[in-house]
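Step one of this worksheet: look at the structure below.
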Protein chains: 2
Amino acid sequence: MPSIDENKRKAILKAALELFSEYGFHNAPMARLADQANVGVGSVYRYFKDKNTLIETLYEEVDEALQMAIIDGVDPTHSTRKQFLHLIINLTCFLKDHPHEFKFLEQYYHSPFGIEKKREKLLLEKISDRQNPFMKLFFEGSRKEIKSLPVPLLHALAFGPVLFLLRDAMAGLVKLDEAMIIQLADGCWDAIRNRVDS
Amino acid sequence: MPSIDENKRKAILKAALELFSEYGFHNAPMARLADQANVGVGSVYRYFKDKNTLIETLYEEVDEALQMAIIDGVDPTHSTRKQFLHLIINLTCFLKDHPHEFKFLEQYYHSPFGIEKKREKLLLEKISDRQNPFMKLFFEGSRKEIKSLPVPLLHALAFGPVLFLLRDAMAGLVKLDEAMIIQLADGCWDAIRNRVDS
DNA sequence: TCTTGCGGAATGAACGTTCCGTCAAAGGTA
DNA sequence: TACCTTTGACGGAACGTTCATTCCGCAAGA
């Protein structure tokens, strides 16, 4: 019977996420991966054409989950500031609670295909900015509340601190509690908000 | 003559920096490296015990140069804000003008030994904070000007945006001009400064 | 002649991928 | 129901490649 066992597929992806995030793409041999998924090496190649395809597929899945988590519970009727803080907190909490996903994404974006992917995304966003919840905020009627800066700079000021702090947290250098996450989000907001006075 | 040719050593380190930053540690074979340095493969092992040692040595050199560049021209008699902006601008400009060094460091810190190194550094800094120019600012008499936050959070708010934006710049997604670097530094300062009013 | 730095061929390990024998289950036949 | 045939998923041995590292003969200086 030509069939694909969905459970097996999931098991392979799960093992891949764990091993890639823990040891890196280059130090997670397919043999070990198959082992951890309780599957023969050959079987992995029944589900995924090769290692690169496996990585790409995993990226799609992880990114999808992240996007969902980010917009969870954000209310478009709230103030720009409230929405922004909510988005940043969602982002931070998700990545903090899913260290495997975070480490995998970090690695992916720092690898050859990651850079390519980022370039693609950027070009697509030029066309459909409005898909991205942050883009919406940066543009929609918030012109007076948010500094008038190039978008990549706003991105950097908003996300840079989040990623930096998460890296330290993952390395065990900081304990990220709720209070600190809120202070983080406030800091990001201060960096991009238009200041009323001096 | 039992001698070490300093020129050859430099040539190997230079080739290593270029190849590692361009292709990554794993895709820069020692053979190619030796080739680019106009040196036999065997000779490389005369100067460096193995590939890991080469990477570590290169890191020490690059880090040294970076530290020097960061504090260049910073005047301790200036205001905290001025000093901070100066440090951030130095950091950004150096990394922007030395893409090989930037990519190498990024890769280093995202690799297994990088994390170890970071942990080491953090422990050392607990003892000799005052070595780090940013630490000085965060503590010395600036208590009123800078938010009272955990040090790792201040770090994240100050450096996160710089690294994020530089990554985009390296990938060719943004053109980083002087004006943008100043806006970046201002944003970082806004993120950590104590606000006088609302 | 003796020493020693040097280069590159040789070595061995690690890995991604392929290939093939095995086996369980589906389906056909009586 | 009982038996035989066919199918294709499966695992892992085997292959070929790539690479870090070693080893050895050579050549240049003392």
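Only heavy atoms go into these numbers, but all of them, side chains included; no hydrogens, no water, no symmetry mates. Per chain, numbering begins at 1; letters A, B, ... match sequence-line order.
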**OP:** Return the set of residues passing side chain to side chain contact (heavy atoms under 4.5 Å, CB included) with A:E60 (not counting sequence neighbours), or none when no residue passes.
**Re:** A:K117

Original post:
Quick one: ring-ring contact (aromatic ring centres under 6.0 Å, His included) partners of B:H100, sequence neighbours excluded?
Top reply: none

Original post:
Please walk me through it: do B:L17 and B:L58 pass side chain to side chain contact (heavy atoms under 4.5 Å, CB included)?
Top reply: CA-CA 7 Å; B:L17 178 62; B:L58 189 52; 4.1 Å; yes

**OP:** Enter the inter-axis angle for the ends of the helix from C:dT1-D:dA30 to C:dA30-D:dT1 (five pairs per end, rounded to 10°).
**Re:** 20°

**OP:** Find the distance between CD1 (B:I89) and CD1 (B:I70) and round it off to the nearest 0.5 Å.
**Re:** 13.0 Å

**OP:** Nearest whole angstrom, please: distance from the C1' of D:dT21 to the NZ of B:K49.
**Re:** 11 Å

**OP:** Using atom CG of B:D50 as one end and atom P of D:dT22 as the other, report the distance to the nearest whole Å.
**Re:** 8 Å

Original post:
Mind checking what makes side chain to side chain contact (heavy atoms under 4.5 Å, CB included) contact with B:K82, not counting sequence neighbours?
Top reply: B:H78, B:S79

Original post:
Which of residues 9-23 of chain A have a heavy atom under 4.0 Å from DNA chain D?
Top reply: none

Original post:
Separation of B:Y47 atom OH from C:dC6 atom C1', in whole Å?
Top reply: 9 Å

**OP:** Send over the distance from A:F25 CZ to C:dG16 P, rounded to a whole Å.
**Re:** 12 Å

**OP:** Taking ring-ring contact (aromatic ring centres under 6.0 Å, His included) as the test, write out the residues that go with B:F48, two or more places apart.
**Re:** none

Original post:
Could you give the CG-to-P distance, from A:L33 to C:dA14, as a whole number of Å?
Top reply: 18 Å

Would you tabulate the pairs of protein nitrogen or oxygen atoms and nucleotide nitrogen or oxygen atoms of nucleotides 17-19 of chain D closer than 3.5 angstrom?
none

**OP:** Would you please confirm or rule out a distance under 4.0 Å between OP1 or OP2 of D:dC10 and any side-chain N or O of A:K8?
**Re:** yes

In residues 32-42 of chain B, what donor-acceptor pairs under 3.5 Å come from side-chain atoms, sequence neighbours left out?
residue : atom : partner : partner atom : Å
B:R32   : NH2  : B:Y23   : OH           : 3.1
B:Q36   : NE2  : B:E18   : OE1          : 2.6

**OP:** Rounded off to whole Å, could you give me the CG-to-C1' distance for the B:N7 and C:dC6 pair?
**Re:** 16 Å

Original post:
Roughly how many Å is it from CZ in A:F48 to C1' in C:dT18, rounded to a whole number?
Top reply: 18 Å

Original post:
To the nearest Å, how far apart are B:Y45 OH and D:dC24 P?
Top reply: 17 Å

Distance-only donor-acceptor pairs under 3.5 Å for side chains of residues 102-114 of chain A, two or more places apart:
residue : atom : partner : partner atom : Å
A:E106  : OE1  : A:R167  : NH1          : 3.0
A:E106  : OE1  : B:H110  : NE2          : 3.1
A:E106  : OE2  : A:R167  : NH1          : 2.8
A:Q107  : OE1  : A:F25   : N            : 2.6
A:Q107  : NE2  : A:F20   : O            : 3.1
A:Y108  : OH   : A:E56   : OE1          : 2.8
A:Y109  : OH   : A:Y59   : OH           : 2.6
A:H110  : ND1  : A:E106  : O            : 2.7
A:H110  : NE2  : B:E106  : OE1          : 3.1
A:S111  : OG   : A:Y108  : O            : 2.6

**OP:** Please say whether more than 12 non-hydrogen atoms of neighbouring residues, nucleotides or ligands are located less than 6.0 Å from CD in A:E178.
**Re:** no

**OP:** Name every residue in residues 35-43 of chain B that has at least one heavy atom under 4.0 Å from any atom of DNA chain C, in order of residue number, or write none if there are no such residues.
**Re:** B:V39, B:G40, B:V41, B:G42, B:S43

Subject >> Nearest-0.5 Å distance that lies between atom CG in B:N194 and atom NZ in B:K144 >> reply: 11.0 Å

Subject >> Those residues that, when tested against B:A65, pass side chain to side chain contact (heavy atoms under 4.5 Å, CB included) (two or more places apart) >> reply: B:F94

**OP:** Could I get the full list of side chain to side chain contact (heavy atoms under 4.5 Å, CB included) partners for A:K49, not counting sequence neighbours?
**Re:** A:T53

